[in-house]
Amino acid sequence: VLSMCALATIYYFGFLLFNGIRFRDIFKRHAYKHTNAKRVIGTIGLGFALSAIIIGVLFKLQFWTGAEFNLLIGFIFTGIIFLIAFPFYLRNKTAFYNRIIKRILIISSVGLMAYVVPTDSLVDLYHGHNPEYAELYKKRLKDRDNVELQEELYKMEREIEEAKRQNDN
């Protein structure tokens, strides 16, 4: 969780990363002399989009609500920026556009994989050793407001932990 949040934060300040500006120079005018306003605005949007995809992947892996929303917002903004940046890349082939295209493709690919993998498959992957728990967890994910399911899940978790303790002794 911490590493993905750190990566999302880095990309949130992506305009610094993409434009070669040091963080301590963020408010200094001379740091922006090798770039223009369009580039800064574009990289701010790209940083936001990549951060949204990373947070969406994190939410999906943690089974938190809002994963699909974050991924879709990230895909929309990343797609728009890709459509703008790709022709510039084809014309100029500069390192700036090369970095942008590579990061868009890599992070969007990871986000797309997270988006298309069903949550039930992830639950089976995580809890395949205990199918009863996996089925109960899937039910709870589909009905998050059901207090009875939540209590039953906690009870099963305590039983599993108790069984582990007894096996270790």
Side-chain angles (χ1 to χ4, degrees), residues 1-129 134-135 137-145:
V1 171
L2 293 177
S3 61
M4 289 188 80
C5 286
L7 184 61
T9 302
I10 288 169
Y11 278 116
Y12 190 73
F13 292 103
F15 72 97
L16 299 173
L17 176 72
F18 293 123
N19 290 309
I21 300 169
R22 294 184 306 189
F23 188 73
R24 68 179 181 196
D25 295 335
I26 191 170
F27 295 114
K28 296 179 181 171
R29 185 181 304 254
H30 70 83
Y32 298 93
K33 68 181 177 184
H34 297 293
T35 189
N36 59 36
K38 290 179 186 177
R39 210 179 247 199
V40 171
I41 291 169
T43 53
I44 288 172
L46 179 61
F48 169 77
L50 295 177
S51 292
I53 291 173
I54 292 167
I55 293 297
V57 170
L58 172 65
F59 277 36
K60 180 80 172 210
L61 294 176
Q62 294 294 323
F63 305 114
W64 296 339
T65 57
E68 286 79 15
F69 176 75
N70 278 312
L71 288 168
L72 285 175
I73 292 296
F75 290 147
I76 291 168
F77 281 105
T78 304
I80 292 169
I81 293 167
F82 181 80
L83 291 175
I84 294 169
F86 194 66
F88 284 104
Y89 170 72
L90 291 176
R91 263 188 276 157
N92 301 333
K93 304 268 187 194
T94 62
F96 173 76
Y97 290 110
N98 189 18
R99 285 192 307 265
I100 286 177
I101 298 300
K102 282 181 183 177
R103 289 177 189 197
I104 287 174
L105 293 175
I106 291 169
I107 293 176
S108 294
S109 298
V110 172
L112 186 61
M113 284 188 286
Y115 187 76
V116 298
V117 171
T119 303
D120 288 352
S121 296
L122 289 175
V123 172
D124 289 336
L125 181 67
Y126 288 177
H127 304 291
H129 60 280
E135 289 305 314
Y137 200 86
K138 289 178 202 177
K139 288 179 187 175
R140 185 202 156 268
L141 287 175
K142 289 181 176 120
D143 189 10
R144 292 183 185 265
D145 296 330

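Predicted model, so just to flag it, every value in this text is computed and none were measured.
- To the nearest 0.5 Å, atom CZ of residue F75 and atom CZ of residue F82 are 14.0 Å apart.
- A 4.5 Å side-chain heavy-atom check between F63 and L122 finds at least one atom pair inside the cut-off.
- Take Q62 and apply the side chain to side chain donor-acceptor pair (under 3.5 Å) test, not counting sequence neighbours, and it matches no residue.
- For the atom pair CG (L2) and CG (L7), the distance works out to 12.5 Å, reported to the nearest 0.5 Å.
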List the atom pairs, donor and acceptor, that lie under 3.5 Å between side-chain atoms in residues 91-99 and the rest of the protein, sequence neighbours left out.
from	atom 1	to	atom 2	distance (Å)
R99	NH2	F18	O	2.9

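- Separation of the Y137 and Y126 ring centroids does not fall under the 6.0 Å cut-off.
- Distance check, rounded to the nearest 0.5 Å: CD1 of I104 to OG of S109 gives 11.0 Å.
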Ignoring hydrogens and angles, write down the donor-acceptor pairs under 3.5 Å from the side chains of residues 48-60, residues two or more places apart or on other chains.
from	atom 1	to	atom 2	distance (Å)
S51	OG	A8	O	2.6
S51	OG	Y12	N	3.0
S51	OG	G47	O	2.9
K60	NZ	A114	O	3.3
K60	NZ	V117	O	2.9

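- Pairs of residues two or more places apart, or lying in two chains, that qualify as salt bridge (Lys or Arg N to Asp or Glu O under 4.0 Å) and include a residue from residues 109-121 are D120-K142.
- Rounded to the nearest 0.5 angstrom, K138 NZ and D124 CG are separated by 3.5 Å.
- Atom OH in Y11 sits 4.0 Å away from atom CD1 in I107 (nearest 0.5 Å).
- For the salt bridge (Lys or Arg N to Asp or Glu O under 4.0 Å) condition, no pair includes a residue of residues 7-20, sequence neighbours left out.
- Remark: T78 pairs with no residue by the side chain to side chain donor-acceptor pair (under 3.5 Å) rule, at least two apart or across chains.
- Taking CZ of R39 as the start and OG1 of T43 as the end, the distance is 9.0 Å to the nearest 0.5 Å.
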